[in-house]
Amino acid sequence: SQQGEEDPQALSIQEGENATMNCSYKTSINNLQWYRQNSGRGLVHLILIRSNEREKHSGRLRVTLDTSKKSSSLLITASRAADTASYFCATTPEETSGSRLTFGEGTQLTVNP
Amino acid sequence: SAVISQKPSRDICQRGTSLTIQCQVDSQVTMMFWYRQQPGQSLTLIATANQGSEATYESGFVIDKFPISRPNLTFSTLTVSNMSPEDSSIYLCSVEGPGRTDTQYFGPGTRLTVL
């Protein structure tokens, strides 16, 4: 079964607004990553946050991690139409060997021009 | 990050046939993985492709259905055998490394339709 659950499943906003997506997971993790997928294409890696980190920034992206609540959020500020895509969180559970990723269900973000 | 290519990018196949998908990386990597993404769904890990040894399969996936090869550090293949319409999915390879970086980079995917 999937490790992560994301909400909302779908989000529609206007260009310039901020978009927040949430991810929850079930077991202890080594790290959590966020990916973007445009229209069924390959995944683009956005950001990785480790279990001992609480917040990370990359350009217009801000990721938080709360290991006590087993949750993470991805904030995209000043959204653009080009941000329209599906966003997935992926975790590496602590008990697994190697770097096998377990993906959440994803959030479909639509940014309207 | 590594540049990853997959062949074919898409294919339409008949029930009962097999398709081999290739994944090529422009640099040597430590780990290679194969994922499946069924229509409208998230990604599920099929197996870890181990260089020079048998792949490590996840629960629900077996070697007879999804044989995998990894002859060197830059190349891997996934075969989808004896296909049925339920195998219609996007198949993606991903890589990590060289070394343990925890970050995986994905190929563009192969969109498979089985009639």
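Because only heavy atoms are used, hydrogens play no part in the values below, and waters and symmetry mates are left out as well, while side chains stay in. Here is the naming used below: chain letters follow the sequence lines, and residue numbers restart at 1 for every chain.
Qualifying side chain to side chain contact (heavy atoms under 4.5 Å, CB included) partners for T77(B), counting only residues two or more places apart in sequence or in other chains: T20(B), Q22(B), S69(B), F75(B). In this structure R36(A) satisfies the salt bridge (charged side-chain N to carboxylate O under 4.0 Å, His left out) test with no other residue, sequence neighbours excluded.
When heavy atoms are compared at a cutoff of 4.5 Å, L48(A) approaches chain B solely by way of its side chain, counted from C-beta outward. With a threshold of 4.5 angstrom between heavy atoms, E58(B) approaches chain A through side-chain atoms but not through N, CA, C or O. In this structure, the portions of T103(B) lying under 4.5 Å from any heavy atom of chain A include both its backbone and its side chain.
W34(A) pairs with exactly one of S58(A), S73(A), C89(A) by the side-chain contact (heavy atoms from CB on, under 4.5 Å) rule, that one being C89(A).
Ring planes of F106(B) and F103(A): perpendicular class, angle over 60° (limits at 30 and 60°).
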